[in-house]
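See structure below.
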Amino acid sequence: MSTLTKLCKDFIKDEEGLTILEYVIGAALIITVFVIAGGGIWGDLKTELDSQIDKVEAL
């Protein structure tokens, strides 16, 4: 059995509290989702904020 498969099975069977590695993996997955899904949102947000700043500066 490969080491990776064994680690995955042990990870799933482990019923104790989360280890630091599990927190790191979870955080990495969350950040990845934000970067992939939020790519267009961040650009739109910047454009809108720039527009509002320009309007305020024009006053």
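Nothing here was measured: the structure is a model prediction, and the numbers come from that model.
Residues satisfying the salt bridge (Lys or Arg N to Asp or Glu O under 4.0 Å) criterion with Asp54, sequence neighbours excluded, are absent altogether. Under the salt bridge (Lys or Arg N to Asp or Glu O under 4.0 Å) criterion, Lys46 pairs with Asp50, not counting sequence neighbours.
When all heavy atoms of Thr32 and Ala28 are compared, the closest pair comes out as OG1-O, 2.7 Å.
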If you apply the rule side-chain contact (heavy atoms from CB on, under 4.5 Å), what do you find for Val56 with Gln52, and how did you get there? CA-CA 6 Å; Val56 170; Gln52 296 302 319; 5.6 Å; no
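Distance check: Asp44 CG to Leu49 CG gives 11.0 Å after rounding to the nearest 0.5 Å.
Linking Ile, Leu, Val, Met, Phe, Trp and Tyr residues whenever their side-chain heavy atoms come within less than 4.5 Å places Leu21 and Leu29 in a single cluster.
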